[in-house]
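Numbered from 1 within each chain, the chains take letters A, B, ... in sequence-line order. Quick caveat: nothing in here was measured; it's all calculated off a predicted structure. Side chains are part of it too, since the values below use all heavy atoms of this structure and drop only hydrogens, waters and symmetry mates.
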Amino acid sequence: MRQARRWLLLGGVTALVLSLIVAVVVARGSARAHRTVYVSQDDALAVVLVPGLATSELVVVDLGNQRVARRVSLRSLVTDIDVDTSSGVIAAAQSGGVGTAADDAVSLTDPRSGDVRYVTLPRRDPGSVACASGLVHVLHAIIESKGMVESTVDVAKAAVVATGHAPDGTGVWTAACGSLWTVVPKGEKRGMSLVRVDPSALSTQTVPTPGLIPVAVEEASGSVAVLGEPSGVGEARVALVQPGTGAQIATSSAPGLDRAATIGAVVGRSFVVGDWNGEEPENRTLAVLDLGTLRSRGTISIDGVPCAVAGWQGRLLVVDRLGGRLLEIDPANGEVLARVDLGARDLIYSEVVVVPQGVRGRKIPTAQVADGGFSGR
Amino acid sequence: MSASRIARIAIATALIATFVPRVAFAAPLRPLVAAPLAQGTAAAAALPKPPATWHADVAPLLPGVSVRPGIPPLPTVAPPHVPIADGSGFGLRHPVDPTSASGSSLPFKKDRNSNLISFGLFRNGDIVAVFSPSSITGHAGLFDERYYESLSSYAVWSANVSPKNGVQRERCSKYRAYDRAYALWVPSEANHGAAARTFAASQVGKPYNVFARKTDFSSFYCSKLVWAAWYTASGVDLDADGGVWVWPIDLVNSRYATVFGYWT
């Protein structure tokens with residue numbers, strides 16, 4: 001009996017010691033993640049989203065030195081990111097999992113310091129974010145009689161400042177030329193409508209896109225680029241639209257793409273377009289169009305699967321979904337100038353944004369960082 | 001408290017922490033069973049009478065979808081079927097070859113628990129069910145073609161955790177983040193897919209409640225919304241075990257639902 005008690009006591013002490021060791025390791029790892037190694041404001045950065053069900057990661061790439069500067073872990077599945085160009089802060093929709101595992105926050109990350117602040121939203125399941133003028137406009141996957149729920153977060157205050165409703169659409173949510181843009185289905189018949197949304201009042205206006213079914217929207221140097229496909233034909237089409245009047249400036253097909261255009265970026269005097277939509281077969285080609293006329297300038301073959309693109313100082317940045325790399329490419333000849341390993345392969349999806357040189361990061365006080373962990377319900 | 005009592009408590013805690021997750025996750029690993037299951041439960045007896053347009057179990061041909069034509073009628077009694085873990089499902093070759101991401105075999109082991117379920121193949125009313133070790137019951141949703149353009153589209157009707165407005169439409173990409181995914185359709189009632197989708201959409205505003213019986217349409221949880229949509233639209237009961245509640249795995253196991261794609 002005495003021996004049994006001795007063994008029981010030994011087992012209990014062992015379990016306690018192991019628990020303490022695990023706790024110390026986790027705490028040290030957490031402390032390392034929040035170490036404030038500051039990246040200079042002179043560095044241009046690319047921030048790439050690497051999504052994961054339990055935690056997502058923002059990989060901050062120093063574009064000048066072509067290396068990973070830091071990795072920032074975020075508490076749940078992130079479905080969309082955008083950059084507030086006035087502060088350099090990265091806003092991320094902390095969507096979480098499906099159903100009961102949904103999250104209810106937007107994270108604000110200073111990529112230069114690695115500090116993160118979670119802003120709790122009044123409703124769950126934020127899916128899309130669009131930054132404009134120091135505000136983050138969040139689109140939720142919550143539908144009410146008035147439309148999809150929208151929350152507005154002030155980046156400087158790190159607080160929700162307004163709520164409202166956006167049109168019940170496909171989830172496209174882009175800030176371009178002072179407005180928000182979304183895509184709304186026309187009903188049972190195949191077709192979508194492009195809708196401009198006023199960021200303050202959330203009032204809406206349908207913008208006709210003759211000959212083009214809109215799928216995505218990007219800002220294109222003072223114009224709005226509408227990406228999509230022609231009615232009933234499986235090819236990519238792009239239109240440039242005046243943001244104020246909605247008048248079409250130019251329209252063109254994008255050669256080399258097999259289906260509707262879904263991703264695009266301004267790169268110098270070019271507009272680079274891709275058709276990644278998460279479905280097989282995944283195209284390894286990007287189309288290069290003239291930014292002013294949308295005339296074709298050729299195509300670029302990618303050694304990988306291009307799922308997200310951005311432009312920086314005339315260079316094309318491409319996220320290779322399969323290889324888990326950020327590629328820096330010269331759009332004039334397709335030459336790969338740099339490859340940065342993101343640390344994960346076969347990404348579910350990704351996004352990439354650029355924080356330009358000279359944009360001072362908004363220092364988030366360390367006392368406010370990482371507002372506790374989130375446990376999926 | 002004596003040292004031995006502390007030790008007993010510590011060991012019991014460690015044992016519980018080790019085995020409870022395994023037991024909880026064991027439920028979704030039950031093999032798929034195509035044999036008919038008893039429908040004569042009290043809950044089934046309380047269901048509204050099915051509509052007069054009840055169809056026999058014959059799969060119609062659908063244009064433009066190469067996976068589905070040629071499916072034989074469901075047998076009255078079928079042997080238990082365990083899916084082959086290569087994505088081919090019930091002898092149907094899924095167009096998305098799970099061993100290849102872009103036309104060639106993956107040169108490395110996947111380092112993330114996710115799937116490549118193809119929403120481009122889904123039609124109105126098709127069902128997606130996902131499972132992972134972090135979710136005891138899994139999750140299910142109903143596809144709506146009207147809102148789908150890409151993986152980023154919010155095109156899956158389901159029920160979320162919310163005091164009100166539990167019925168929502170989720171982003172397709174979130175379903176790719178799960179360990180296991182199944183794509184299901186109802187071959188004998190495929191022409192009712194749009195009606196099932198419309199029913200789900202009409203439930204916007206209803207609250208989330210996991211404790212309500214499946215016959216109580218005043219609130220929903222994810223798999224109940226799917227079940228109710230198909231039952232209301234076509235009269236088919238997709239609950240494989242005919243219980244008071246219907247779980248995502250019950251939809252996967254249903255004799256009326258056929259897997260047309262999956263990833264495990």
Side-chain angles (χ1 to χ4, degrees), chain A residues 4-5 7-13 15-16 51-54 77 79-80 95-102 123-125 127-128 141-145 148 168-172 183 185 187-188 192 215-216 260 262 276-282 284 305 321-322 344-349 376-377, chain B residues 3-4 6-11 13-14 95-97 100-103 106 108 110-114 116 118-120 130 132 134-135 139 141 146-156 158-162 165 167-178 194 204-205 208 210 221-222:
Chain A
R5 280 187 189 171
W7 280 111
L8 281 171
L9 181 62
L10 182 64
V13 169
L16 280 170
L53 184 58
L77 181 69
T79 48
D80 193 19
S95 190
V98 292
T100 56
R123 306 300 296 277
R124 299 175 73 87
D125 210 349
S128 310
I142 302 284
I143 300 161
E144 298 179 341
S145 56
M148 300 178 89
D168 183 9
T170 63
V172 169
V183 173
E188 292 297 344
M192 301 285 179
V215 173
T262 54
W276 188 82
N277 69 351
E279 298 291 343
E280 294 274 337
E282 293 178 292
R284 298 184 181 227
V305 174
R321 186 197 75 75
L322 190 60
R345 295 180 178 180
D346 199 17
L347 309 179
I348 308 168
Y349 52 84
R377 297 177 185 81
Chain B
S4 63
I6 294 172
R8 284 197 293 268
I9 293 171
I11 290 174
T13 304
V96 178
D97 182 352
S100 166
S102 295
L106 285 174
F108 46 79
K110 281 170 60 68
D111 57 6
R112 289 181 180 272
N113 291 326
S114 58
L116 288 177
S118 175
F119 286 99
V130 292
S132 81
S134 62
S135 173
H139 187 74
R146 296 173 298 180
Y147 294 92
Y148 179 77
E149 283 292 346
S150 72
L151 202 61
S152 305
S153 299
Y154 295 44
V156 181
S158 190
N160 207 325
V161 174
S162 184
N165 296 306
V167 176
Q168 300 304 332
R169 206 174 63 242
E170 294 169 319
R171 196 163 168 145
C172 297
S173 56
K174 293 173 58 158
Y175 285 80
R176 282 271 185 99
Y178 282 74
V204 166
Y208 175 90
V210 72
Y221 49 90
C222 62

Whatever's closer than 4.5 Å to a heavy atom in chain A on B/Ser173 counts as both

Given A/Leu9, A/Thr262, A/Asp168, the one with more heavy-atom pairs under 4.5 angstrom with chain B than any other is A/Asp168

Does B/Ser150 offer a backbone N or O that forms a donor-acceptor pair with the side chain of A/Glu279 under 3.5 Å? no

Of A/Gly171, A/Gly99, A/Ser145, A/Gly11, the largest count of non-hydrogen pairs under 4.5 angstrom with chain B goes to A/Gly99

Hits for side chain to side chain contact (heavy atoms under 4.5 Å, CB included) against A/Leu8, two or more places apart or cross-chain, chain-then-number order -> B/Ala7, B/Arg8, B/Ile11

Practice problem: Report yes or no: does A/Thr79 contribute a side-chain atom to a donor-acceptor pair with the main-chain N or O of A/Gly127 at less than 3.5 Å? | Solution: yes

Applying a strict 4.5 Å limit to non-hydrogen atoms, the region of A/Trp276 in contact with chain B is side chain

Bottom line for B/Phe119: the part with an atom under 4.5 Å from chain A's heavy atoms is both

Turns out that what part of B/Val130 lies under 4.5 Å from chain A's heavy atoms comes down to side chain

Flag side-chain contact, heavy atom, 4.5 Å: B/Leu151 against B/Arg176
yes

Whatever's closer than 4.5 Å to a heavy atom in chain A on B/Ala159 counts as backbone

Contacts of B/Arg171 meeting salt bridge (charged side-chain N to carboxylate O under 4.0 Å, His left out) (sequence neighbours excluded), chain-then-number -> none

Interface check, chain B: of A/Leu16, A/Val98, A/Thr170, most non-hydrogen pairs under 4.5 Å belong to A/Val98

Check: So, do B/His139 and B/Tyr178 sit near enough that their side-chain heavy atoms are less than 4.5 Å apart?
Finding: no

